[in-house]
Amino acid sequence: GLTQYASDLAACLQQVDPTMQELFREVRRDTWRELVATCFGLEVNEIPTLSIADARNVMHKVSTKMIDPETLLAIQTRTAKIEDSDVEVEVAQKHQVL
């Protein structure tokens with residue numbers, strides 16, 4: 001879904017004039033912000049606008065934290081406690097921990 005959307009939008013941006021490119025970029029940014037806000041229970045205005053360099057730095061910090069042994073152990077400990085007779089429910093609950 002999202003990959004196809006990004007691919008289609010990139011192809012579209014190559015075919016339109018600069019004014020439309022800017023409009024589509026704004027719509028893409030606003031759509032992404034709405035998606036992130038919805039997924040993480042945030043208000044759209046709580047999501048900061050970052051430069052490319054700052055966004056890369058944030059992603060590096062997040063990636064580093066995700067592979068930190070303490071973080072992995074915490075995830076393992078929490079997911080090990082989850083049991084449900086319905087496998088789909090159990091998997092969903094474990095994904096929620098992640």
Side-chain angles (χ1 to χ4, degrees):
L2 287 177
T3 303
Q4 185 63 48
Y5 168 76
S7 176
D8 291 347
L9 185 58
C12 179
L13 286 175
Q14 293 176 359
Q15 299 174 19
V16 297
D17 63 74
T19 303
M20 287 302 293
Q21 286 178 356
E22 185 57 32
L23 176 64
F24 280 129
R25 284 189 187 100
E26 288 176 18
V27 169
R28 176 181 60 185
R29 183 190 62 238
D30 293 345
T31 301
W32 184 251
R33 292 169 74 83
E34 286 285 339
L35 176 70
V36 170
T38 300
C39 290
F40 292 101
L42 302 171
E43 294 296 323
V44 173
N45 59 359
E46 294 175 348
I47 302 170
T49 300
L50 303 173
S51 69
I52 295 294
D54 288 341
R56 283 190 195 122
N57 289 338
V58 168
M59 287 306 301
H60 175 72
K61 289 177 184 177
V62 169
S63 299
T64 300
K65 183 68 174 176
M66 287 173 62
I67 62 172
D68 179 69
E70 189 175 307
T71 301
L72 295 174
L73 180 60
I75 291 169
Q76 181 183 20
T77 302
R78 289 179 63 190
T79 57
K81 295 177 184 176
I82 297 172
E83 293 182 17
D84 198 290
S85 59
D86 185 333
V87 176
E88 290 182 20
V89 170
E90 183 175 331
V91 169
Q93 290 173 342
K94 289 181 178 183
H95 281 196
Q96 183 66 34
V97 170
L98 291 174

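A quick note: this is a predicted structure, and the numbers were derived from the prediction, not measured.
The salt bridge (charged side-chain N to carboxylate O under 4.0 Å, His left out) analysis of residues 76-90, with sequence neighbours excluded, yields the pairs Glu90-Lys94.
The OG1 atom of Thr77 lies 10.5 Å from the CG atom of Leu72; values are rounded to the nearest 0.5 Å. For the atom pair Leu98 CG and Thr79 OG1, the distance stands at 7.0 Å (nearest 0.5 Å). Here CZ of Phe40 is found 9.5 Å from CD1 of Ile47. Values are rounded to the nearest 0.5 Å. Within the model, atoms OG1 of Thr49 and CG of Asp54 stand 11.0 Å from one another, a figure rounded to the nearest 0.5 Å. In this structure, the separation between CG on Leu9 and CD on Gln4 is 11.5 Å, given to the nearest 0.5 Å.
Between the side chain of Ser7 and the main chain of Thr3, no donor-acceptor pair closer than 3.5 Å is present. Between the Thr71 side chain and the Ile67 main chain, no donor and acceptor come within less than 3.5 Å of each other.
Contact between Ile82 and Val97 at its shortest, heavy atoms only, is CD1-CG2, 3.7 Å. The two residues Ala37 and Glu43 come nearest to each other via the heavy atoms CB-C, 4.3 Å.
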Side-chain donor-acceptor pairs under 3.5 Å in residues 16-26, sequence neighbours left out?
| residue | atom | partner | partner atom | Å |
| --- | --- | --- | --- | --- |
| Asp17 | OD1 | Thr19 | N | 2.9 |
| Asp17 | OD1 | Met20 | N | 3.0 |
| Gln21 | NE2 | Leu13 | O | 2.7 |
| Gln21 | NE2 | Val16 | O | 3.3 |

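Under a hydrophobic-cluster definition in which Ile, Leu, Val, Met, Phe, Trp and Tyr are linked whenever side-chain heavy atoms come within less than 4.5 Å, directly or via other members, Leu42 and Trp32 are assigned to the same cluster.
In Leu73, the CG atom is crowded: over 12 heavy atoms of neighbouring residues, nucleotides or ligands sit closer than 6.0 Å.
Side-chain atoms of Val89 and Gln93, non-hydrogen and from C-beta on, do get closer than 4.5 Å to each other.
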